[in-house]
Novice: 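Right, I'll just put the structure down here and ask away after.
Each chain gets a letter, A, B and so on, in the order the sequences are listed, and its residues count up from 1.
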2 protein chains.
Amino acid sequence: MPKQVDHDERRRQIGDAVCRLIAARGLDAVSLRHVAAEADVSMGRVQHYFATKDEMLMFAFEMISERVAARLGAVFSDDPARYLRAILLELLPLSPAARAEAPVLAAFLAHAVVEPRVAEPLRQGHGEMVAWLAGMIGAVRPGGDPEQDAAALLAFADGLMLQVLMGQVSPKAAEALVDHQLGRVLT
Amino acid sequence: MPKQVDHDERRRQIGDAVCRLIAARGLDAVSLRHVAAEADVSMGRVQHYFATKDEMLMFAFEMISERVAARLGAVFSDDPARYLRAILLELLPLSPAARAEAPVLAAFLAHAVVEPRVAEPLRQGHGEMVAWLAGMIGAVRPGGDPEQDAAALLAFADGLMLQVLMGQVSPKAAEALVDHQLGRVLT
DNA sequence: CGTTTTGCAATGCGATCGCATCGTAAAACA
DNA sequence: TGTTTTACGATGCGATCGCATTGCAAAACG
């Protein structure tokens with residue numbers, strides 16, 4: 001056999017091309033041929049690593065999910081208020097990394113509306129996020145209803161992400177809005 | 001010539017089919033043949049009323065935009081606080097009408113991320129909505145920064161719409177969240 | 001009443017789609 | 001060193017795509 005390649009590495013390279021394609025031209029621009037071209041490999045190679053297009057898309061979805069999770073996991077602060085703020089900002093397409101991932105995430109969010117297999121993991125992520133946010137809010141400001149505040153804050157962040165992506169809100173304005181909203185919640 | 005038909009009416013019938021298709025299976029399920037089947041007409045008819053698929057999609061987009069606008073326009077209350085609440089609830093997929101339109105809107109929102117021709121009118125609608133909300137907030141609670149509160153509230157509503165569509169938040173919980181959030185803003 | 005115009009239905013075309021199949025160079029393994 | 005197995009590249013197939021073309025029945029119009 002030819003030199004043993006890193007199977008997972010190859011899959012990630014192709015998944016990367018899928019994500020770039022989605023970010024630039026949307027989910028329906030993803031075809032085996034376009035992906036192969038974007039990744040600069042043959043179509044046979046793409047097929048070798050993914051049995052079906054659907055499997056490839058689901059892999060790309062898991063990829064960006066994990067990347068976003070990793071980005072959020074890399075955030076930390078001793079001060080709960082700062083921690084909370086940093087996490088919320090990390091959800092928005094402000095940094096280059098987030099700006100690359102957010103359009104892909106947005107495409108999958110819309111896809112989740114009509115595709116339960118995408119919606120389910122997102123549902124789980126939502127639950128975990130709300131729980132984490134509620135914990136932080138409770139740490140900063142005891143009393144009240146931290147779960148409600150957490151859920152509201154997450155809805156706010158999700159909507160703001162989309163609005164920034166659509167150009168309805170500038171990155172600068174989005175950051176100001178996060179501070180404004182946090183000010184309302186944490187007092 | 002055959003009996004004079006109501007040209008606009010026919011276009012709306014086809015546009016309706018497009019919207020139903022998008023709501024059920026997403027934007028990329030829209031093909032001339034699928035639309036013809038959904039509308040129970042021939043493909044030739046679809047082509048007769050829309051020169052290109054793109055024109056058909058843009059028409060469907062304008063259709064739901066106007067419908068949502070009409071639904072919002074039908075809301076009214078003498079009490080600014082109630083008015084504000086009613087508008088926010090109308091943005092969510094709670095009523096049957098809103099539940100039919102929201103998935104279509106969500107699909108176009110995601111499309112807007114990579115398609116400026118869809119993003120532009122949405123940008124305008126966003127601006128108008130923020131201005132209106134700010135006015136209402138100012139009427140209920142003078143002082144503060146109503147524009148910031150309005151923008152934050154709209155981001156919250158947009159995100160909540162998506163979350164309800166994805167099943168992350170139940171309609172009942174969404175309504176409670178709206179009241180919670182309004183309580184934070186209007187005091 | 002004949003002509004013209006309208007509203008389609010039908011068909012076809014080239015492109016592209018996902019996917020299956022086949023062939024093969026090469027390295028791991030016996 | 002021979003065999004097997006891996007990693008593809010190439011090609012092809014049937015389905016579907018958007019769109020163009022053609023034909024024609026019927027009603028509005030002079």
Novice: Can you check whether any acceptor in the base of C/dA20 is under 3.5 Å from a donor in the side chain of A/Q47, or vice versa?
Specialist: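 Yes, a donor-acceptor pair under 3.5 Å.
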Novice: For a quick check of understanding: with a heavy-atom distance under 4.0 Å over all strands, which category does B/H7 fall into, base, sugar-phosphate or nothing?
Specialist: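 Since no nucleic acid heavy atom lies under 4.0 Å of B/H7, the category is nothing.
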Novice: Has A/R123 got a side-chain atom pairing as donor or acceptor with B/Q168's backbone, closer than 3.5 angstrom?
Specialist: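 Pair absent, no side-chain N/O of A/R123 close to backbone of B/Q168.
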Novice: Can you tell me how far P of C/dC17 sits from CG of B/D28, to the nearest Å?
Specialist: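 From B/D28 CG to C/dC17 P: 13 Å.
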Novice: Is A/R33 near enough to C/dC17 that one of its side-chain N or O atoms lies under 4.0 angstrom from OP1 or OP2?
Specialist: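 It does, given that an N or O in the side chain of A/R33 lies less than 4.0 Å from OP1 or OP2 of C/dC17.
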Novice: Output the rounded distance in Å from CE (A/M43) to P (C/dT16).
Specialist: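 To the nearest whole Å, that distance equals 13 Å.
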Novice: Ignoring the backbone of B/S31, work out which of D/dC17, C/dC8, D/dC19 is nearest its side chain.
Specialist: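 Closest of the options to the side chain of B/S31: D/dC17.
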Novice: Whole-Å distance between D/dC17 P and B/L57 CG?
Specialist: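 That distance rounds to 13 Å.
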Novice: Using only atom types and a distance under 3.5 Å, with no angle test, would you say the side chain of B/R25 pairs donor to acceptor with the backbone of A/V114?
Specialist: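 Looks like no, no N/O pair under 3.5 Å.
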Novice: 5'-most contact on DNA chain C: A/A29 or B/G44, nearest heavy atom basis?
Specialist: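 Upstream on the strand: B/G44.
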Novice: Closer than 4.0 Å, any side-chain N/O of B/R45 to the OP1 or OP2 of C/dA10?
Specialist: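 For B/R45, the contact criterion (side-chain N or O under 4.0 Å from OP1 or OP2 of C/dA10) is not met.
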Novice: Can you tell me how the ring of A/F61 sits relative to the ring of A/F108, calling it parallel under 30°, perpendicular over 60° and tilted otherwise?
Specialist: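 Tilted.
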Novice: Nearest whole angstrom, please: distance from the C1' of C/dG18 to the CE of A/M56.
Specialist: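 The answer, rounded to whole Å, is 10 Å.
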Novice: Roughly, in whole Å, what's the span from CZ in A/R10 to P in D/dT6?
Specialist: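 Rounded to the whole Å, the gap is 16 Å.
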Novice: Classify the nucleic acid contact of A/V5 as base, sugar-phosphate or nothing, counting any heavy atom under 4.0 Å across all strands shown.
Specialist: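 Sugar-phosphate contact only.
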Novice: If you check the B/K53 side chain, which of C/dG7, D/dC8, D/dC19 turns out closest?
Specialist: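 Of C/dG7, D/dC8, D/dC19, D/dC19 is nearest to the side chain of B/K53.
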Novice: At under 4.0 Å between heavy atoms, what does A/V35 touch on the DNA or RNA strands: base, sugar-phosphate, or nothing?
Specialist: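 A/V35: no heavy atom of the nucleic acid under 4.0 Å.
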Novice: Could you give the CD-to-C1' distance, from A/Q13 to D/dC8, as a whole number of Å?
Specialist: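 Interatomic distance, CD of A/Q13 to C1' of D/dC8: 14 Å.
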Novice: Rounding to an integer number of Å, can you tell me how far A/I14 CD1 sits from D/dA7 P?
Specialist: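 Between P of D/dA7 and CD1 of A/I14: 12 Å.
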Novice: Which heavy atom in B/M166 sits nearest to a heavy atom in A/A112, and how many Å separate them?
Specialist: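 Nearest heavy atoms, B/M166 then A/A112: SD-CB, 3.9 Å.
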Novice: Grab the CG-C1' distance between B/D6 and C/dT6 for me, whole Å please.
Specialist: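 Between C1' of C/dT6 and CG of B/D6: 15 Å.
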Novice: Between A/Y83 and A/F76, what is the ring plane arrangement, given parallel below 30°, perpendicular above 60°, and tilted in between?
Specialist: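 The rings of A/Y83 and A/F76 stand perpendicular, inter-plane angle above 60°.
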Novice: Does C/dT16 have OP1 or OP2 sitting under 4.0 Å from an N or O in the side chain of A/H34?
Specialist: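 It does not, given that no N or O in the side chain of A/H34 lies less than 4.0 Å from OP1 or OP2 of C/dT16.
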